[in-house]
Amino acid sequence: MINLKLLQKDFDGVSAKLTRKGVSSELLSTLKEKFEVLKTAKAEFERYQAARNAMSKEFGVYKREGKDINELKARIEENNLKVDAALEVQREAQVALETLAMTVPNMPDDTVPDGADENDNIEIKKVLMPKEFSFTPKEHWELAEENGWIDFERGVKLATSRFSVSFGMGARLERALINFMLDFNRGRGFEEVSVPALVNRQSLEGTGQLPKFEEDLYKMDGLDLFLIPTAEVPVTNLYSDEILTAGELPKKMTAYTSCFRKEAGAAGRDTRGMIRQHQFHKVELVAMTTPEKSEEVFDEMVNCASDLLTALELPHRLVNLCTGDLGFGAAHTTDLEVWLPGQDQYREISSISNTRDFQARRAKIRYKDGKKNTFVNTLNGSSLAVGRTLVAIMENNQNEDGSIDIPEVLKPYLGM
RNA sequence: GGAGAAUUGGGUGAGCGGCUGAAACCACAUCCCUGCUAAGGAUGCGUACGGGUAACUGUACCGAGAGUUCGAAUCUCUCAUUCUCCA
């Protein structure tokens, strides 16, 4: 949630930032107006309420002293009508404001480049150079089927399109990757947590998936529960509505979960293979920090994910997402893109974002800093998307005969 | 599935119509005393929003929502969660 007080105080500043994210300044001035309407309505209500409280107190005194209460009672009743009316006005103003405010994305940092889509992202650096192949490298679905690692048809049979099944070494590699990633992250100071795959509406509002992106989520029939699109949702919301102590920060966590996405609007994109599935495995990093420390922790997270790829000997690059590609809640995001020789391009394998206090404000995650309470900064990032990592291993480690070399770091996990 | 009980501030827990935003204890913070792997004393200490330079002050919040009442943490109803007992 954006800071409405800041919007009120520095409308032009906030407006300038949000215009870069495509938010119209008309919407923002409506928001500002609604905020002021609410404040006025609240003040009005509180005046009548204060009068009621005072008169009720007086009532008690009258009763005790045996005075006649009829006149006072009439005054109270008259005032009560105003209280009720004012409360109704205030409620409406509240709902109107919240409905609108929840749909406004986070303000991008000044370091975020302007741009329309992923083509305008700025490359930060490359890590490990792609190797030259003496043959034409194949795409992963070909390799996966040749090796019997992934069965796309049977996934469709069991569920629907964009579901797949891993067999044998494919399945074992997934498991090895998950364990390797969790251990690696733990070595970098991230505490492992295991969380529910179903969450309620409130949690999704806290991290920003709702109310705007409900069509991307799988919802349980007849229940207000959704399958998580990322572990970011349950892990970030672990501390919603809580006040942490400064000493507990930074809180660094890592979790493995399956993730579920409808991929609405992705029809026709990556329909082959396992780049874009409805269900996929992901190991996630989530951190909560003081505002002062959040960039430091952000760098730790980026390095963690990048070093993970390096450990797996996978060439990749870091890109700074432009305004058009930036997510709803992010103030800035660095994507890690892994080289896929079969596709002859870099593809996203991790996305690391600092949401600053945007999610904390929605989910009410605060910490006590001496006397006052402050919203924490929340950060999240994948380390890594397991399926895509498997894809990258297949494509980068393929031999001319179609066999695939196992990365050294995974061998202990496979009993090799 | 049925019957009961519970849900209070960071924690434990009292309160069961106005004197309660809430006792007490613990934790925490500051100060004093003391001098050694610790104890004692004093004071402060919920959250959110608003007004005020500030001291301070208004409103709301005692699981959630609705109701009764001049007035509700306290009474009633609905829901959620937890616990105990019974099938």
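First the proteins, then the strands, lettered A, B, ... as listed; each starts at 1.
At a cut-off of 3.5 angstrom, the base of B:G58 holds at least one donor-acceptor pair with the side chain of A:Glu46.
Heavy atoms from other residues, nucleotides or ligands lying under 6.0 Å from CZ of A:Arg154 number 12 at most. For NZ of A:Lys293, the number of neighbouring non-hydrogen atoms (other residues, nucleotides, ligands) closer than 6.0 Å is 12 at most.
Figure legend: A:Lys82 and A:Tyr48 shown without cation-pi pairing, the cationic atom not lying both under 6.0 angstrom from the six-membered ring centre and within 45 degrees of its axis.
Close to B:G71, at under 4.0 Å from its OP1 or OP2, lies a side-chain N or O of A:Asn80. Of the side-chain N and O atoms in A:Gln49, one or more sit less than 4.0 angstrom from OP1 or OP2 of B:A60. For A:Asn79 and B:C70, the shortest distance from a side-chain N or O to OP1 or OP2 is not below 4.0 Å. Side-chain nitrogen and oxygen atoms of A:Lys73 include at least one within less than 4.0 Å of the OP1 or OP2 phosphate oxygen of B:C70. The shortest distance between the side-chain N/O atoms of A:Asn53 and the OP1/OP2 oxygens of B:G71 is not below 4.0 Å.
Both A:Glu77 and A:Gly60 sit near RNA chain B, but only A:Gly60 has its closest nucleotide nearer the 5' end. Two residues, A:Arg91 and A:Thr374, neighbour RNA chain B, and the one matched to the more 5' nucleotide by heavy-atom proximity is A:Thr374.
Distance CD (A:Gln202) to C1' (B:A80): 12 Å, rounded to an integer number of Å. A:Phe45 places its CZ atom 17 Å from the P atom of B:G51, with the value rounded to the nearest Å. Rounded to a whole Å, the CG atom of A:Leu244 is 17 Å from the P atom of B:C28. If you take NZ of A:Lys42 and P of B:C61, they are 12 Å apart, rounded to a whole angstrom. Between the NZ atom of A:Lys63 and the C1' atom of B:C19 there is a distance of 18 Å, rounded to whole Å. Rounded to whole Å, atom C1' of B:G50 lies 17 Å from atom OH of A:Tyr48. One can place CD of A:Gln90 at 13 Å from C1' of B:C61, the figure rounded to the nearest angstrom. A:Gln8 places its CD atom 13 Å from the P atom of B:C49, with the value rounded to the nearest Å.
Using atom C1' as the reference point in both B:A29 and B:G46, the two lie 15 Å apart (nearest Å). Going from the C1' atom of B:U53 to that of B:G15 covers 40 Å, rounded to whole Å. Comparing B:G13 with B:C26, their P atoms are spaced 15 Å from each other, to the whole Å. Here the separation of B:G52 from B:U47, taken at their P atoms, is 22 Å to the nearest Å. One P atom belongs to B:C70, the other to B:A22, and the distance between them is 26 Å to the nearest Å. The same atom, P, is picked in B:C16 and in B:C85; the two are 30 Å apart, to the nearest Å. Separating the P atom of B:C31 from that of B:G50 is a span of 32 Å, rounded to the nearest Å. Here the separation of B:A6 from B:U20, taken at their P atoms, is 25 Å to the nearest Å.
Pair assignment for B:A66 gives B:U76, based on Watson-Crick or G-U wobble hydrogen-bonding distances that are each under 3.5 Å. Across the strands present, B:A60 finds its partner in B:U47; the criterion is a Watson-Crick or G-U wobble pair with both atom distances under 3.5 angstrom. When Watson-Crick and G-U wobble pairs are counted only if both distances are under 3.5 Å, B:U37 pairs with no nucleotide at all. Taking a pair to require two hydrogen-bonding distances under 3.5 Å in either a Watson-Crick or a G-U wobble arrangement, B:A87 remains unpaired. Using the Watson-Crick or G-U wobble rule with both distances under 3.5 Å, B:G21 pairs with nothing in any strand shown. Across the strands present, B:A6 finds its partner in B:U81; the criterion is a Watson-Crick or G-U wobble pair with both atom distances under 3.5 angstrom.
The side chain of A:Asn373 sits closest to B:A48 out of B:G51, B:C70, B:A48.
Rounded to the nearest 0.5 Å, atoms OG1 (A:Thr355) and CZ (A:Phe328) are 11.5 Å apart. Summarising the geometry, atom CG belonging to A:Leu97 is positioned 11.5 Å from atom CD belonging to A:Glu33; distances are rounded to the nearest 0.5 Å. Distance check, rounded to the nearest 0.5 Å: CH2 of A:Trp141 to OG1 of A:Thr271 gives 8.0 Å.
At the heavy-atom level, A:Ile243 lies under 4.0 Å from the strands shown only through sugar-phosphate atoms. A:Ala50 comes within 4.0 angstrom of the backbone, heavy atoms only, and of no base. Residue A:Arg361 is out of contact with every strand shown, counting any heavy-atom pair closer than 4.0 Å. Within 4.0 Å of A:Lys5, counting heavy atoms only, lie sugar-phosphate atoms of the nucleic acid but no base atom. Contact annotation for A:Arg366: backbone-only contact, meaning every heavy-atom pair under 4.0 Å involves sugar-phosphate atoms and none involves a base. A:Arg52 comes within contact range of the sugar-phosphate backbone alone, with a heavy-atom separation under 4.0 Å but no base atom that close.
Salt-bridge annotation for A:Lys219 and A:Asp224: present, with a side-chain N of the basic residue lying under 4.0 Å from a carboxylate O of the acidic one.
Side-chain atoms of A:Thr257 and A:Glu284 form no donor-acceptor pair, as typed in the model, at a separation below 3.5 Å.
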